[in-house]
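Taking it in order: structure first as structure tokens, then the write-up.
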Amino acid sequence: MDETEFWELVDATREAAEGDPEEQADLLVERLVQLDPEMVLDFARHFEARYNRAYMWDLWGAAWILLDGASDDAFDFFRCWLIGQGREVYEAGVHDPDKLAELLTDFDDEVDGDGEELGYAADEAYEQLTGTVAPDLGIPAAPPEPLGTALDLENQAQLAERFPQLWDRFAG
């Protein structure tokens, strides 16, 4: 599975789920079990590489604003959700998280921002196909600390200055 096929699968399931991340995860499992196990592992590698790449202070700051606070776990689930939003939203979030203010037409922190189940879709599909746990993916692990310059996530002035569009649209 190449990068284009990965994103096509993400987009197709998001559209079919009408943006519901739990439904998207279920649809993703349904689609993945139609593939051979090695393709499922390819999907998992693409997903995990993007998940690790998104471990960034600036993105955590954006998640903090959107979710009105984001613990370690909430940020993990946010990164899964971001991948589930497709290539354009993901790349914008990684390159300039403030751009998410323009790209997210609606954001309900009760529903959006939590893609925990998306993070397990490939593992679940692999287990259904093989009856075994997926092997190590053989990709570099996430960095021990988020990339970039650390943010004081509790400092509203710092967040407002760093993410003016997100702050204006979603804070408070």
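For this chain, numbers begin at 1 and follow the sequence in order. What you see is a predicted model; the values in this text were computed from it and never measured.
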Parallel under 30°, tilted from 30 to 60°, perpendicular over 60°: which one fits the rings of W7 and Y90? tilted
Taking the six-membered ring for Trp, are W60 and W57 parallel (under 30°), tilted (30 to 60°) or perpendicular (over 60°)? parallel
Is there a side-chain contact between [X] and [Y], using heavy atoms and a 4.5 Å cut-off?
| X | Y | value |
| --- | --- | --- |
| W64 | L151 | no |
| L41 | M1 | no |
| D114 | P21 | no |
| E3 | H46 | yes |
| Y126 | V33 | no |
| V133 | E127 | yes |
| Q85 | V10 | no |

State plainly whether one hydrophobic cluster holds both M56 and I65, where clusters connect Ile, Leu, Val, Met, Phe, Trp and Tyr through side-chain heavy atoms under 4.5 angstrom apart. yes
Examine M39 and Y120 and state if one hydrophobic cluster contains both, with Ile, Leu, Val, Met, Phe, Trp and Tyr joined whenever side-chain heavy atoms are less than 4.5 Å apart. no
Answer yes if the side chains of Y55 and D76 hold a donor-acceptor pair under 3.5 Å, and no otherwise. no
For a salt bridge (charged side-chain N to carboxylate O under 4.0 Å, His left out) check, start with the C-alpha distance between E91 and R53, then their side-chain angles and the critical distance, and finish with the verdict. CA-CA 10 Å; E91 291 294 340; R53 180 176 166 218; 3.0 Å; yes
Applying side-chain contact (heavy atoms from CB on, under 4.5 Å) between L118 and each of V29, L82, L28, I83, report the one that passes. L28
Applying side-chain contact (heavy atoms from CB on, under 4.5 Å) between E116 and each of W81, F78, F77, report the one that passes. F77
Gap between atom [atom2] of [Y] and atom [atom1] of [X] - 0.5 Å precision:
| X | Y | atom1 | atom2 | answer |
| --- | --- | --- | --- | --- |
| D58 | D98 | CG | CG | 9.5 Å |
| L104 | L166 | CG | CG | 7.5 Å |
| E15 | L27 | CD | CG | 11.5 Å |
| T149 | R162 | OG1 | CZ | 9.0 Å |
| F163 | D168 | CZ | CG | 13.5 Å |

Can you give me the closest heavy-atom contact between [X] and [Y], atom names plus distance?
| X | Y | result |
| --- | --- | --- |
| G93 | L59 | O-CD1, 3.4 Å |
| D11 | R14 | OD1-NH1, 2.9 Å |
| L100 | A62 | CD1-CB, 4.4 Å |
| L32 | A125 | CB-CB, 3.5 Å |

Taking [X] for the side chain and [Y] for the main chain, is one N or O donor matched with an acceptor at less than 3.5 Å?
| X | Y | answer |
| --- | --- | --- |
| Q128 | E30 | no |
| Q158 | D152 | yes |
| Q24 | G84 | yes |
| E5 | D2 | yes |
| D112 | D108 | yes |
| N52 | P140 | yes |

Tell me, please, whether F75 has R79 positioned over its six-membered ring: NZ or CZ under 6.0 Å from the ring centre and within 45 degrees of its axis? yes
Kindly indicate whether a cation-pi arrangement holds for R50 with F6, taking the cut-offs as under 6.0 Å to the six-membered ring centre and within 45° of the axis. yes
Other residues, nucleotides, ligands: >12 heavy atoms within 6.0 Å of [X] [atom1]:
| X | atom1 | value |
| --- | --- | --- |
| E161 | CD | no |
| E102 | CD | yes |
| D106 | CG | no |

Run E8 and R87 through salt bridge (charged side-chain N to carboxylate O under 4.0 Å, His left out) and show every step you take. CA-CA 9 Å; E8 286 172 353; R87 186 180 216 161; over 6 Å; no
Is any NZ, NE, NH1 or NH2 atom of the basic residue among K99 and E88 found under 4.0 Å from an Asp or Glu carboxylate oxygen of the other? no
